[in-house]
*Asks:* 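Structure incoming, see below.
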Number of protein chains: 2
Amino acid sequence: MEWEKGEAIWKQIGRFLLQDITGGTYKPGEKLPTENEIAKRFQVNRHTVRSAIAALTEDNVLRVEQGRGTFVQETVLDYPLGNRTRFSQIVSGRHRLPDKHLVESKIEFANKQVLKRLMLSGKTKVIRLESVSEADGIALAYSVSYLPAVRFKGIEKIFTKTKSLTEALKQYGLEDYTRKNTRITAHMPDRRTSEFLRQSKNKPVLITESVDIDTNGLAIQFGITHFASERVQLFVENKNINF
Amino acid sequence: MEWEKGEAIWKQIGRFLLQDITGGTYKPGEKLPTENEIAKRFQVNRHTVRSAIAALTEDNVLRVEQGRGTFVQETVLDYPLGNRTRFSQIVSGRHRLPDKHLVESKIEFANKQVLKRLMLSGKTKVIRLESVSEADGIALAYSVSYLPAVRFKGIEKIFTKTKSLTEALKQYGLEDYTRKNTRITAHMPDRRTSEFLRQSKNKPVLITESVDIDTNGLAIQFGITHFASERVQLFVENKNINF
DNA sequence: TAGAATTTGTTCGTATGTATG
DNA sequence: CCATACATACGAACAAATTCT
């Protein structure tokens with residue numbers, strides 16, 4: 001291997017690695033060879049390789065996990081939290097192919113939390129929809145939604161066909177709805193969640209709880225969404241309104 | 001132990017436990033006796049105790065951790081993400097006593113990420129402030145802030161005295177500033193962070209990255225805040241603006 | 001780092017009381 | 001009076017997570 005003079009070798013190695021990544025030799029999420037192997041390939045000391053990796057880590061191209069290896073950083077999806085956030089629109093807007101499939105649906109009595117969020121009371125039946133959202137076949141989120149059962153009877157069938165809650169709601173005459181507010185927490189995933197997201201048990205999930213309301217202010221959906229923290233970051237754009 | 005007829009035993013046990021909690025026998029964050037011990041105390045089967053605990057967990061009074069025990073749920077602080085979010089105001093507004101103390105401050109050259117967020121370029125010096133935010137003496141967040149060094153020279157001294165960034169900035173003639181946007185992610189804490197937050201290594205942290213700008217649109221602060229996910233939940237209130 | 005002890009989670013089975021038609 | 005369903009309560013055994021040594 002010949003090195004250009006006048007530029008640090010680690011910088012040149014960094015460029016080589018970057019080419020391998022952009023060229024597709026190492027794909028997002030994939031493990032790079034060990035530092036020793038890379039050092040052998042370029043005929044340099046391991047420390048030189050580490051400098052290159054450190055620079056690429058700083059630039060968010062690589063991610064190093066002690067004891068495991070070096071990985072190509074997955075491109076994280078910026079998920080805006082607005083009052084008109086629609087999953088499919090966001091993903092398509094990023095030139096990625098959205099998909100959302102139903103995992104399970106059933107009708108049950110609402111518990112206290114669901115009742116409160118849907119602004120209901122008494123013994124009320126709700127439809128519980130579980131779904132997994134993907135972009136380019138990679139799982140991004142696992143959601144549980146609750147809708148009033150009387151108003152949206154049979155919505156799970158339409159949801160399965162259209163793969164979109166927005167579309168399904170249209171069939172019930174709901175042309176428009178907005179998000180009231182969103183609560184954000186972080187937790188370790190339970191087994192079910194980490195399996196759906198195909199994400200390590202040791203990586204946390206970002207959880208949003210939100211309520212959608214129709215134009216009359218009636219609650220139509222209470223949703224709990226578990227985002228794979230590895231692949232999604234939430235984003236709040238603050239409108240510059242001075243009160 | 002005598003049980004009232006006409007009401008399930010587990011419901012009565014639930015009330016006893018709730019009294020112990022509201023009465024202060026078990027304080028927020030504290031561990032309850034084991035299920036077996038509680039069962040022995042009330043002379044019932046462990047399952048019966050579990051029913052009572054399950055109900056209190058549903059009501060967000062208790063929190064159960066497999067292998068560790070049952071704990072009194074800490075009251076979580078709703079932390080709104082708005083363009084005028086001020087830590088001290090939020091905490092005082094919840095009738096809790098805010099405190100924010102400086103851990104470390106130094107001047108260094110900005111790295112790429114900081115340069116980009118502060119909308120700067122070239123080799124620029126920034127002030128790096130590390131601080132821990134508390135409410136009633138309980139750590140809620142650990143923050144790292146970067147400010148342009150030229151403009152805010154010596155701000156760490158004023159910050160230490162006033163314990164508030166807002167106040168410190170006023171001394172530099174900045175009467176007002178707003179938050180541009182906020183990025184939210186979740187990660188496992190490094191050792192330093194989990195020590196500052198006095199939170200288990202196995203509990204995630206909620207991380208916000210945000211930029212504050214002055215009334216002229218100039219970036220004045222880039223901050224990375226690590227919230228104890230156990231004790232804080234973020235909150236986005238969606239303004240109901242129909243475009 | 002390997003294993004024991006502790007603690008909660010899950011799944012059997014059994015039995016009883018109560019409400020419903 | 002009977003059949004059925006459901007909630008309650010107990011007991012035992014084992015699985016899974018965590019902590020400590």
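Throughout, protein chains are lettered first and strands after them, A, B, ... in sequence-line order, and every chain is numbered starting at 1. Atom set for the values below is all heavy atoms of this structure, side chains included, hydrogens, waters and symmetry mates excluded. Here the structure is a predicted model, which means the values were calculated and not measured.
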*Asks:* To the nearest 10°, give me the bend of the helix from dA2(C)-dT21(D) to dG21(C)-dC2(D), comparing the axes of its five terminal pairs at either end.
*Replies:* 10°
*Asks:* Between dT8(D) atom C1' and R46(B) atom CZ, what is the distance in whole Å?
*Replies:* 17 Å
*Asks:* Tell me whether the OP1 or OP2 atom of dG11(D) has a side-chain N or O from N45(B) closer than 4.0 Å.
*Replies:* yes
*Asks:* Could you tell me the separation between the NZ atom of K201(A) and the C1' atom of dT18(D), rounded to a whole number of Å?
*Replies:* 12 Å
*Asks:* Would you mind checking if D78(B) and R94(B) are paired as a salt bridge, meaning a charged N to carboxylate O distance below 4.0 Å?
*Replies:* no
*Asks:* Taking CG from N36(B) and C1' from dA13(D), how many angstroms apart are they, rounded to a whole number?
*Replies:* 13 Å
*Asks:* Within a reach of under 6.0 Å around CZ of R183(B), are more than 12 heavy atoms found that belong to other residues, nucleotides or ligands?
*Replies:* yes
*Asks:* Determine whether the side chains of N45(A) and T48(A) contain a donor N or O and an acceptor N or O closer than 3.5 Å.
*Replies:* no
*Asks:* Going by atom types only, do S194(A) and Q199(A) share a side-chain donor-acceptor pair under 3.5 Å?
*Replies:* no
*Asks:* Between E237(B) and K180(A), does any NZ, NE, NH1 or NH2 come within less than 4.0 Å of an OD or OE carboxylate oxygen?
*Replies:* no
*Asks:* dT8(D) P sits how many Å from W3(B) CH2, rounded?
*Replies:* 15 Å
*Asks:* Whole Å only: how far is the CH2 atom of W10(B) from the P atom of dC10(D)?
*Replies:* 14 Å
*Asks:* What is the separation between atom CG on L32(B) and atom C1' on dT7(C), rounded to the nearest whole Å?
*Replies:* 13 Å
*Asks:* Taking 4.0 angstrom as the limit, do D214(A) and R151(A) come out as a salt bridge?
*Replies:* yes
*Asks:* Near DNA chain D, under 4.0 Å by heavy atom, which residues of residues 50-75 of chain B?
*Replies:* Q66(B), G67(B), R68(B)
*Asks:* Determine, for nucleotides 12-17 of chain C in 5'-to-3' order, which nucleotides have protein heavy atoms under 4.0 Å from the base (write B), from only the sugar-phosphate (write S), or from neither (write -).
*Replies:* ------
